[in-house]
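Reading through the structure tokens given below for one structure.
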Amino acid sequence: MAVDLDAIAGLSIEEVKAAAEKLAQLKGWNVNSLKGLISCLPEIIKHTEAIGQVKDLTGAEKQEVAILIILKMVKLPWWLPLWIIKPLLEGAVNAVVQAINNK
């Protein structure tokens with residue numbers, strides 16, 4: 001049985017959004033901006049890692065869930081294709097995961 005990653009991301013969005021907004025308020029970031037959201041990436045990654053342990057997700061599946069959460073939090077302009085944004089988000093998620101692992 002395949003795991004529905006979009007459903008997992010959908011169920012997580014409210015909790016992640018609340019945590020990101022709380023962190024952004026404490027730090028003075030605008031979570032609705034791309035810069036603010038990127039600043040909240042470690043929180044999104046930590047939440048995704050926790051879900052991954054519970055749901056027994058692979059690394060690639062956890063990365064996809066994190067990207068889906070980000071895409072649900074930030075509405076992309078209609079003219080910006082997903083095939084351009086997705087590799088950038090994958091790189092950002094990988095960089096944050098690597099930074100967290102190196103701590």
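Because the structure is a prediction, the values reported are computed rather than measured.
In this view, Lys27 satisfies the side chain to side chain donor-acceptor pair (under 3.5 Å) rule with no residue, not counting sequence neighbours. The side-chain contact (heavy atoms from CB on, under 4.5 Å) test applied to Glu43 returns Ala19, Leu23, not counting sequence neighbours. Under the rule for a salt bridge (charged side-chain N to carboxylate O under 4.0 Å, His left out), the partners of Glu49 that lie at least two apart in sequence or sit in another chain are Lys62. The side-chain contact (heavy atoms from CB on, under 4.5 Å) check on Gln63 picks up Ile67, Glu90, Val93, Asn94, with sequence neighbours excluded. Applying the salt bridge (charged side-chain N to carboxylate O under 4.0 Å, His left out) test to Lys72 and every residue at least two apart in sequence or in another chain returns Asp6.
Shortest non-hydrogen contact noted between Ile44 and Ala66 is CG2-O, 4.3 Å. Contact record, Ala20 with Cys40: O-SG, 3.6 Å, taken as the closest heavy-atom pair.
Cluster annotation: Val16 is not connected to Leu11 through the hydrophobic network of ILVMFWY side chains, with a link wherever side-chain heavy atoms come within less than 4.5 Å. Both Leu80 and Leu89 are members of a single hydrophobic cluster when ILVMFWY side chains are connected at heavy-atom separations under 4.5 Å.
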May I have the list of side-chain donor-acceptor pairs in residues 95-102 shorter than 3.5 Å, sequence neighbours left out?
unit_1	atom_1	unit_2	atom_2	d
Asn101	ND2	Val97	O	3.3
Asn102	ND2	Gln98	O	3.2

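Atoms CD and OG1, on Glu64 and Thr58 in that order, are 10.0 Å from each other to the nearest 0.5 Å. A distance of 8.5 Å separates CD1 of Ile13 from NE2 of His47, quoted to the nearest 0.5 Å. Separating the CD1 atom in Ile70 from the CD1 atom in Ile85 is a distance of 10.5 Å, to the nearest 0.5 Å. Separation of atoms NZ (Lys86) and CG (Leu68) is listed at 6.5 Å; rounding is to 0.5 Å. One finds the OG1 atom of Thr48 at 4.0 Å from the CD1 atom of Ile69 (value rounded to the nearest 0.5 Å).
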Exercise for the section: Please assess Leu57 against Leu5 for the test side chain to side chain contact (heavy atoms under 4.5 Å, CB included), listing each intermediate value before the final yes or no. Expected result: CA-CA 9 Å; Leu57 299 177; Leu5 300 178; 4.2 Å; yes
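Within the structure, no pair that satisfies the salt bridge (charged side-chain N to carboxylate O under 4.0 Å, His left out) test touches residues 9-21, not counting sequence neighbours.
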